[in-house]
Amino acid sequence: MKYHFNDIEAKWQKFWKENQTFKAENQSDKEKYYVLDMFPYPSGAGLHVGHPLGYIASDIYARYKRHKGFNVLHPMGYDSFGLPAEQYAIQTGQHPAITTETNINRYREQLGRIGFSFDWSREVRTSNPDYYKWTQWIFIELFHSWYNKNTDKAESIDTLISIFTREGNELVNAVCDENVMLFTSEMWNSFDEEQQQKILLQYRLTYLAETEVNWCPALGTVLANDEIVNGVSERGGHPVIRKKMTQWSMRITAYAQRLLDGLQKIDWPQPLKDSQTNWIGKSVGAEVKFQIPNSKFQIPVFTTRPDTIFGVSFMTLAPEHDLVKKITTPEQKEAVEAYVEQTAKRSERERMADVKTISGVFTGAYAEHPFSKEPIPIWIGDYVLASYGTGAVMAVPCGDERDYAFAKHFNIPIPNIFDQDISENAFSEKEGFKIVNSDFLNGLSYKEATTKAIEALENIGQGTGKTNYRLRDAVFSRQRYWGEPFPVYYVNGLPKTIDPEHLPIRLPEVEKYLPTEDGQPPLGRAKKWHWDATNNEVVEVKEGEKPPSGVWGLELNTMPGWAGSSWYLFRYMDAQNENEFASKEALEYWQNVDLYIGGSEHATGHLLYSRFWTKFLHDRGFLHVDEPFKKLINQGMILGESAIINVIILKTLGRNSFGDEERVSPNTILINNELIKDLPTNGSINLLPEKLKHPIKAMLKNEEHTLKFIEITSFEYSIVPQRIDVSLVDLHNLVNLKEIHNRRMYTEIAKSSYYDGENLWIKGDFDVFKVSREVEKMSKSKYNVVSPDAICEQYGADTLRMYEMFLGPLEQAKPWNMAGITGVHSFLKKFWKLYHTSPSLLERGSGGEEFYVSNSPASIKSLKTLHKTIKKVEEDMGNFSFNTSVSTFMIAVNELTADQCTSREVLDPLLILISPYAPHIAEELWSKLGHTTSIATAPFPQFEEKYLVESTKAYPISFNGKMRFTLELPMDLSKQAIEREVMANEKTMHYLEGRIPKKVIVVPGKIVNIVG
RNA sequence: GCUCAAGUGGCGGAAUUGGUAGACGCGCUGGAUUCAAAAUCCAGUACUUUCGGGUGUGUGGGUUCGAUUCCCACCUUGAGUACCA
């Protein structure tokens, strides 16, 4: 009986679905285990072979945990709001919901074919109103919360209001906007509602504020910092500019320290933790206030080096700094204004790319040194960023490279306060020096001086110790259609949240998905988009009409992509709940994710925001846990192997009666990368290989042209690489020309000749040509996408699953190469054969391959193979080393086949071992063995040491550390006996060549090393 | 520039606490089967050699009886980050 994988896989996929084999229960005596894959966005392109890599690994682990007796939660769903569906809607007019639905169905079908053990009854979609109802609910909770630094957690805004009513805000220690006015309880109580609300907005964890945002004109929306890569948008690569807008923001900065601390207790890859640490960017130092004499102004600066305060020789402000206009002297006004204008014109990207150029202007103003009272010139320079610290620095050129370069460039003095040489470079180390020329700090080290300087600053009231974070509050508004609507309406310009019992606020219908003519977001086009605060419903207000009393306009922005994905892990715990985002019992039982697998690209986006929301929900008592993901593994990207062929384009340069002309030849030539490695991309054809040059010359000379040259000056070529769709390329990198003719996009290639390194084959005179391979990211635009569907069709899902694991370590990036898949596939065929008519029966001529497993006891050898395999597979699971387990299975099957093993005693447990990797074949053989229930929860076989105990050991005998031969000796031999046996051996004599050994190292059970 | 990770046959990779380097698979070579091919099976396959041996885990040093593994310096590649005061 042949291994009909297509039938078997379809059969068991249907069985699992019908029997709800993988449905997880929220109540169980078993210990829980939660395995989650990062939320996929259902793109129109479908899955390629890179996507399932992580899903396969997590599925193997989930299935293994079920065998180990755990109650496993392993869900899947879709992060289904997002830009691509909306861009598609703008182009085609099709509602994003329809596109999204189509894409999800395709994903579901593709995922289904790979045989994942997902509990589909818990599927969630962020664009589903049943889901985003709770995203809106969390937003409302954030709005009604503030961060109390005294208790170090978020609290209900009511506690803040009661403090205000009782004692004003003077003693409140909160994370809030800067420059909040101080007021007493009397003042608070006398404020009107509007004034009170305005103040509260400065404290809320989500707040409305005019912020400078990253505006992307091409996408028509703002972007968060982590959505910008190298100054352009992550999606689409469009330019981004700075713009001031009123936006919802999330006060994530309140959690900066806790987000940092939390990294200590989670098991995540170090690079990921590092990038979060850098993103949060904590620096400890001091804020120092510099007075400007004879004025009311002072300039606060942030510095990490208060110990260098006596090294200050100038100050630099960001060109955007508020004080620039106010302090510039009339003489310098013109120069300063010109500089400010010039920097404003430069895009953020230009400023970032151009780090080397030093520029700046003197304002003419001076500040006063807090201790020495010396005047300090104030400059402006674009190396100081308005968005970090206070937008101003105290420049210490002897201790900071940038200040040093600036001072050198503008001839500003560089006083040295270190006992170190600074004639060439600044001295920026924090160790190995003593401070000099610094009054009361003389002779101190970095640490001592820092403490003392802060103390002194505090005494004179001109500074204080301070910690700064690079992390900014997260902008939460998007001028987009396809996202969660805010549960917010505006009463006289002030935001009010809708009572949670009236949620969800559904996304309204619009005619077009573009901004309105007057620049409002797409929701501005919605007809029915006002809130009736009396009847609590969304109502329609006719265009141009004034809303009736009690009816107010709703928020026109939508939430960003990360809103829905910041809390989805908790929804899976109780996905159908209509009354809560998840029940208390479910949250208590499942806690958080034990194993999270996904790509590393979410390091500073999703993974930071979901930690933030988890901590917030924890503070407000909705969650027990304060970290979402206990262990995280980044799977390496699977790269594509693009197929590249070069087209040589030829042209003749010459002269006719009109002067110099060039004409492009209609003849083009295909050539492989290897043959043009050292050639420039264009030049004279004399550079081309001899074998190619002559026929080309002949060809060009014979070309008929209406335009005749009087004189030909030269023949030139240029090389244009072109990617070929990898589905057209076979295992030997050959492309059949017939296939090319069927595709319109390859017309240039179809009419070409081909040079193979030996001969030039004229157009129509060859059938195949060879392409070069180049490893690149798998993407539609590079024509190198391999879909899992075709592989499932040709080899089966079990082969795909095992092969993806067999490619190499999970965390490593690796190119997708089909060459090895036959090896894995034939392994499964061998495995199948092991359960069918044994070789010995075949010899007796019984003919056909029937299912056959005997009840007779297994050989010692076979049992040893089995237990060796159990041991290794369990160890590998612990290390998430799935590739080595596949090898182990191959070894086991090779050994058992050689041993002609047919015993149920071995073959029954072997199925459980392999079932996480190849579940379909395992289920099929399991049922053939007579089991009536699914293999999914069969207990994992117990490893027994006794089968691996050996009586002898093949000792490697080495001389000076080099292994020469092995010697079979009993295990229980003493050190001395081993040495005696080895020294008496004639091979030892041979290798010693008459020398007397100086020393013999014997490690019983391991090795013998003879020195000398 | 800084931070991190990784360099092992023709290729993907293995060697879990320092103890037989190259498991397993691909590819390649030879053979069996076949009219032939596919499929399957068997044998071989790091390099080199005067067939005794010699050399080999990016390079150079060190520790050790013994180093792919530990230490130092350097080279290369990849990823992240970038005027953060």
Side-chain angles (χ1 to χ4, degrees), chain A residues 230 269-275 277-279 281-283 285 301-305 308 315-316 351-358 381-385 387-396 399-403 405-406 428 468-471 600-601 603-604 634 636-637 731 802-803 806-809 811-824 826-827 829-830 833 839 872 875-876 878-879 881 883-892 894 954-966 990-991 993 997-1003 1005-1012:
Chain A
N230 297 329
Q270 197 55 43
L272 201 83
K273 288 190 186 181
D274 289 348
S275 74
T277 307
N278 289 336
W279 193 261
K282 180 180 182 178
S283 37
V301 302
F302 175 73
T303 176
T304 55
R305 298 292 302 272
T308 63
M315 301 185 70
T316 316
R351 259 172 89 168
M352 269 202 285
D354 180 18
V355 184
K356 300 232 164 60
T357 322
I358 297 162
D382 70 357
Y383 79 97
V384 177
L385 304 176
S387 58
Y388 184 73
T390 61
V393 300
M394 57 174 227
V396 182
D400 181 283
E401 288 300 341
R402 287 155 311 173
D403 297 343
F406 196 88
S428 53
N468 227 348
Y469 297 92
R470 198 185 80 133
L471 184 72
S600 53
E601 65 274 19
T604 49
N634 284 134
M637 204 189 316
L731 282 175
M802 288 201 116
Y803 184 57
F806 189 60
L807 278 175
E811 291 97 330
Q812 226 165 75
K814 52 225 156 206
W816 177 260
N817 186 325
M818 282 290 281
I821 200 164
T822 52
V824 172
S826 50
F827 156 74
K829 284 198 268 188
K830 263 197 213 162
K833 266 194 189 157
K872 175 76 174 143
E875 278 171 5
D876 286 346
N879 299 326
S881 170
N883 55 326
T884 47
S885 277
V886 179
S887 303
T888 305
F889 292 132
M890 289 176 171
I891 295 167
N894 287 346
Y955 277 94
I957 313 299
S958 32
F959 293 77
N960 298 320
K962 281 238 179 296
M963 206 285 285
R964 296 303 178 187
F965 63 94
T966 57
H990 170 85
Y991 283 100
E993 293 168 322
K998 286 190 199 125
K999 204 173 178 186
V1000 179
I1001 311 275
V1002 178
V1003 186
K1006 280 262 165 81
I1007 197 173
V1008 178
N1009 190 17
I1010 299 165
V1011 188

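Predicted, not measured: the structure shown is a model, and the values here were computed from it. In what follows, chains are A, B, ... by sequence order, proteins preceding strands, each numbered from 1.
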- request: List the protein contact pattern of nucleotides 9-17 of chain B with one symbol per nucleotide (5' to 3'): B for base contact, S for sugar-phosphate-only contact, - for none; contact means a heavy-atom distance under 4.0 Å.
  value: ---BSS-B-
task: Spell out protein contact along nucleotides 40-56 of chain B as letters: B when the base is contacted, S when just the sugar-phosphate is, - when no protein heavy atom is under 4.0 Å; keep the 5' to 3' order.
output: SS-----------SS--
Going by the rule side chain to side chain donor-acceptor pair (under 3.5 Å), which residues pair with [X] if we only count those two or more places apart in sequence or in a different chain?
{"X": "Lys872(A)", "answer": "Asp876(A)"}
{"X": "Arg470(A)", "answer": "none"}
{"X": "Lys282(A)", "answer": "Gln257(A)"}
{"X": "Asn894(A)", "answer": "Lys830(A)"}

- prompt: Nearest nucleotide by nearest heavy atom, which residue falls closer to the 5' end of RNA chain B, Pro271(A) or Val1011(A)?
  reply: Pro271(A)
field: Closest-nucleotide ordering on RNA chain B, the 5'-leading residue of Met963(A) and Gly823(A)
entry: Met963(A)
Between atom [atom1] in [X] and atom [atom2] in [N], what is the gap in whole Å?
{"X": "Ile957(A)", "N": "rG19(B)", "atom1": "CD1", "atom2": "P", "value": "17 Å"}
{"X": "Asp274(A)", "N": "rA5(B)", "atom1": "CG", "atom2": "P", "value": "8 Å"}
{"X": "Met818(A)", "N": "rG27(B)", "atom1": "CE", "atom2": "C1'", "value": "16 Å"}
{"X": "Ile1007(A)", "N": "rC65(B)", "atom1": "CD1", "atom2": "C1'", "value": "10 Å"}
{"X": "Glu811(A)", "N": "rG78(B)", "atom1": "CD", "atom2": "C1'", "value": "16 Å"}
{"X": "Asn1009(A)", "N": "rG66(B)", "atom1": "CG", "atom2": "C1'", "value": "5 Å"}
{"X": "Tyr469(A)", "N": "rC84(B)", "atom1": "OH", "atom2": "P", "value": "19 Å"}
{"X": "Met637(A)", "N": "rA5(B)", "atom1": "CE", "atom2": "P", "value": "19 Å"}

For [X], enumerate each residue passing the side chain to side chain contact (heavy atoms under 4.5 Å, CB included) test, keeping only those at least two apart in sequence or located in another chain.
{"X": "Ala392(A)", "answer": "Ile299(A), Val301(A), Leu317(A), His321(A), Thr390(A)"}
{"X": "Glu401(A)", "answer": "Asn425(A), Ala426(A)"}
{"X": "Ser283(A)", "answer": "Phe302(A), Thr304(A), Tyr388(A), Asn468(A)"}
{"X": "Lys1006(A)", "answer": "Val1003(A)"}

As a test of reading the structure: which of [options] is closest to the side chain of [X], going by heavy atoms?
{"X": "Ala819(A)", "options": "rU20(B), rC26(B), rG19(B)", "result": "rC26(B)"}
{"X": "Val384(A)", "options": "rA23(B), rU3(B), rA85(B)", "result": "rA85(B)"}
{"X": "Ser275(A)", "options": "rG80(B), rA85(B), rC24(B)", "result": "rG80(B)"}
{"X": "Tyr388(A)", "options": "rC84(B), rU20(B), rG25(B)", "result": "rC84(B)"}

- prompt: Where does rG78(B) land, syn or anti, given syn is within 90° of 0?
  reply: anti
field: Anti versus syn assignment for rG52(B), with syn defined as within 90° of 0
entry: syn
Listed pairs, N/O of protein and of nucleotides 28-33 of chain B, under 3.5 Å:
none

Quote, to the nearest angstrom, the [atom1] distance that separates [N] from [M].
{"N": "rA67(B)", "M": "rG58(B)", "atom1": "C1'", "answer": "16 Å"}
{"N": "rU69(B)", "M": "rU20(B)", "atom1": "C1'", "answer": "15 Å"}
{"N": "rU40(B)", "M": "rU50(B)", "atom1": "P", "answer": "38 Å"}
{"N": "rA21(B)", "M": "rU55(B)", "atom1": "C1'", "answer": "14 Å"}
{"N": "rC74(B)", "M": "rG7(B)", "atom1": "C1'", "answer": "14 Å"}
{"N": "rU49(B)", "M": "rG54(B)", "atom1": "C1'", "answer": "7 Å"}
{"N": "rC65(B)", "M": "rG60(B)", "atom1": "C1'", "answer": "24 Å"}
{"N": "rU68(B)", "M": "rA85(B)", "atom1": "C1'", "answer": "44 Å"}

Give a yes-or-no answer on whether the side chains of [X] and [Y] include a donor-acceptor pair shorter than 3.5 Å.
{"X": "Gln270(A)", "Y": "Asp274(A)", "answer": "yes"}
{"X": "Tyr383(A)", "Y": "Thr316(A)", "answer": "yes"}
{"X": "Thr888(A)", "Y": "Ser885(A)", "answer": "no"}

Using purine N1 to pyrimidine N3 plus N6-O4 or O6-N4 for Watson-Crick, or N1-O2 and O6-N3 for G-U wobble, both under 3.5 Å, which nucleotide pairs with [N]?
{"N": "rU17(B)", "result": "none"}
{"N": "rU64(B)", "result": "none"}
{"N": "rC74(B)", "result": "rG58(B)"}
{"N": "rG10(B)", "result": "rC26(B)"}
{"N": "rA79(B)", "result": "rU3(B)"}
{"N": "rC41(B)", "result": "rG31(B)"}

- prompt: With sugar-phosphate meaning primed atoms plus P, OP1 and OP2, does Asn468(A) contact a base, only sugar-phosphate, or nothing at under 4.0 Å between heavy atoms?
  reply: nothing
- prompt: Would you say the side chain of Val393(A) lies within less than 4.5 Å of the side chain of Thr303(A), judging by non-hydrogen atoms?
  reply: no
query: Would Ile957(A) and Thr966(A) count as a side chain to side chain contact (heavy atoms under 4.5 Å, CB included) if you check the C-alpha gap in whole Å, the side-chain angles of each, and the deciding distance to 0.1 Å?
result: CA-CA 6 Å; Ile957(A) 313 299; Thr966(A) 57; over 6 Å; no
query: Taking only N and O in the side chain of Asn278(A), is any of them less than 4.0 Å away from OP1 or OP2 of rC2(B)?
result: no
message: I want to check one thing: is the phosphate of rA85(B), taken as OP1 and OP2, less than 4.0 Å away from some side-chain N or O of Arg470(A)?
response: no
query: For the ring pair Tyr469(A) and Trp279(A), is the centre-to-centre distance below 6.0 Å?
result: no
- request: Report the residues that fulfil ring-ring contact (aromatic ring centres under 6.0 Å, His included) with Phe889(A), sequence neighbours left out, ordered by chain and then residue number.
  value: Tyr917(A)
